[in-house]
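Below, chain A is the first sequence line, B the second, and so on; all start at residue 1. If you're wondering where the values come from, they're calculated on a predicted model, not measured in any experiment.
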There are 2 protein chains.
Amino acid sequence: MAQKNRLQYIVLGLLNIESRTGYDLTKAFDSDIGEFWSANHSQIYPLLKKMEQENLISHHEVQVGTKLVKKSYDIMSDGKKIFNDWLEEPSEIDSSHDEFILKLYFIDDKKPELLEKMVAEQLSARSDKLEHLNQQMRDKFPDQDKRQTQYGHYCVLKHAISRETDYIEWLKTI
Amino acid sequence: MAQKNRLQYIVLGLLNIESRTGYDLTKAFDSDIGEFWSANHSQIYPLLKKMEQENLISHHEVQVGTKLVKKSYDIMSDGKKIFNDWLEEPSEIDSSHDEFILKLYFIDDKKPELLEKMVAEQLSARSDKLEHLNQQMRDKFPDQDKRQTQYGHYCVLKHAISRETDYIEWLKTI
DNA sequence: AGTCTCATGTAACCGGTTACATGATTCA
DNA sequence: TGAATCATGTAACCGGTTACATGAGACT
């Protein structure tokens with residue numbers, strides 16, 4: 001089976017806001033999107049080519065100065081469809097990149113019922129994970145002794161619990 | 001330039017605790033280490049082979065039952081050296097995996113002065129990042145208006161700030 | 001006897017990073 | 001005119017995922 005290709009959804013999400021060039025898209029990863037995803041132009045340009053072949057996006061040319069012609073990409077109906085389908089899908093929780101955050105970035109005030117569903121799903125999944133982490137803590141560090149001899153491991157677990165707790169608190173504010 | 005190959009350091013860190021088979025190492029990523037890193041056996045076995053060729057580790061054979069022979073890997077002096085050198089290096093902050101967490105896991109109570117240095121470094125870097133995020137918030141969402149029309153983006157940024165704040169608080173407890 | 005876990009490997013593929021390469025536009 | 005930025009592409013490589021493949025040991 002193929003891998004996720006989440007970068008494609010980010011590109012679609014950005015083009016869904018407005019038409020952009022490959023350069024514009026690359027820039028977006030240096031600022032906003034850069035907080036939670038990164039991509040280089042060497043990955044963007046071939047991807048745009050592939051997505052255009054698949055009819056998810058198209059491009060129109062924009063004359064700049066006397067010689068330079070920019071390619072500005074636009075999302076097409078097929079692209080909009082797979083982007084919206086992706087938004088509706090459940091988000092994977094245990095991946096190295098947070099898929100929920102990714103989707104949340106593209107949610108605007110037009111979809112309150114979807115947002116509510118997504119947040120409820122995340123709350124449930126994150127609460128389960130927190131419970132699992134708390135169980136790990138009880139199993140592995142029941143007393144002060146182990147906390148000293150495996151101090152690093154103890155700290156890492158404490159951090160995971162703290163992070164998850166913070167995540168849940170944040171979810172509740174959405 | 002080559003990429004980081006942090007998996008190699010995890011393998012060295014685990015073998016530095018005790019001799020293990022490829023299977024044991026793989027299992028470690030399903031439990032403990034799994035909280036912050038993942039690896040499949042298809043990645044472990046070729047890596048062990050490569051690391052043995054580079055004289056970082058060696059293996060001895062262990063007879064199990066009548067036919068099965070396990071390969072149990074041991075860290076060698078070259079391996080210990082590059083592992084300890086890595087622990088001393090500054091940790092990259094803006095990577096998709098948290099390198100500081102990785103190192104912390106392997107720190108035991110024998111290196112208090114190194115731990116102190118690492119924590120101070122992280123505190124400084126994380127504080128800078130938090131300040132940057134706060135600046136972003138001031139720039140992009142100065143008033144209620146933008147927070148509504150780009151609600152998802154606002155939430156993501158709020159989360160980044162919350163996460164960073166929590167991280168700093170946790171660092172202070174180490 | 002059959003199923004689950006232990007145990008070790010390879011191959012194909014994908015996503016991402018680094019480096020190579022070129023040229024136009026803008027602004028000081 | 002020279003430097004910084006805009007703009008677009010390709011190639012080599014690496015790390016990680018999925019799938020293919022095989023067999024032994026433990027336990028019911």
request  = Could you pick out which residue, B/His97 or B/Thr66, lies toward the 5' side of DNA chain D when each is mapped onto its nearest nucleotide?
outcome  = B/His97
query = Ignoring hydrogens and angles, does a donor from either the side chain of B/Ser42 or the base of D/dT18 sit under 3.5 Å from an acceptor on the other?
reply = yes
ask   = In whole angstrom, what separates A/Tyr45's OH from C/dG15's C1'?
value = 19 Å
ask   = For the pair made of CG in A/Asp24 and P in D/dT8, what is the distance, rounded to whole Å?
value = 8 Å
query = Quick one: on DNA chain C, does B/Thr21 or A/Leu7 contact a more 5' nucleotide (nearest heavy atom)?
reply = B/Thr21
ask   = If we ignore angles and hydrogens, is there a donor and acceptor under 3.5 Å between the side chains of B/Asp139 and B/Gln135?
value = yes
key: A/Lys71 vs D/dG9: side-chain N/O to OP1/OP2 distance below 4.0 Å   = yes
task = Taking only the side-chain heavy atoms of A/His41 (C-beta and beyond), determine which of C/dT8, D/dG9, D/dG15 contains the nearest atom.
result = D/dG9
inquiry  = We want to know whether B/Asn84 and B/Lys111 form a side-chain donor-acceptor pair, criterion being a heavy-atom distance below 3.5 angstrom.
reply    = yes
message = Rounded to whole Å, how long is the line connecting atom CH2 of B/Trp37 with atom P of D/dT17?
response = 10 Å
Under 4.0 angstrom between A/Asn40 side-chain N/O and C/dT17 OP1 or OP2 = yes
key: Ring center gap for B/His159 and A/Tyr167 short of 6.0 angstrom   = yes
message = So, does B/Ser38 get its side chain near the phosphate of D/dT17, meaning an N or O under 4.0 Å from OP1 or OP2?
response = yes
ask   = Given atom NZ of A/Lys4 and atom P of D/dT17, what is their separation to the nearest angstrom?
value = 13 Å
task = Between A/Leu68 and A/Lys49, name the one whose nearest nucleotide on DNA chain D is closer to the 5' end.
result = A/Leu68
query = Just how far, in rounded Å, is P of C/dA7 from CG of B/Leu48?
reply = 14 Å
task = Provide, to the nearest angstrom, the distance between the CD1 atom belonging to B/Ile44 and the C1' atom belonging to C/dG9.
result = 13 Å
request  = Nearest whole angstrom, please: distance from the C1' of C/dT10 to the NZ of B/Lys50.
outcome  = 17 Å
message = I'd like to check B/Ile57 versus B/Glu52 (side-chain heavy atoms, cut-off strictly below 4.5 Å). Are they in contact?
response = yes
query = If you group Ile, Leu, Val, Met, Phe, Trp and Tyr by side-chain heavy-atom gaps below 4.5 Å, do A/Met76 and A/Leu14 land in one group?
reply = no
request  = Mind calculating the distance between CG (A/Leu25) and C1' (D/dC6) to the nearest angstrom?
outcome  = 14 Å
message = Any base atoms under 4.0 Å from A/Val69, or only sugar-phosphate, or nothing? Heavy atoms, all strands.
response = nothing
key: C/dG16 phosphate, OP1 or OP2, under 4.0 Å from A/Gln43 side-chain N/O   = yes
note = Of the candidates D/dT5, C/dT10, C/dC6, the side chain of A/Tyr23 sits closest to D/dT5
inquiry  = Starting the side chain at C-beta, find the nucleotide from C/dT17, D/dG16, D/dA24 nearest to B/Lys67.
reply    = D/dA24
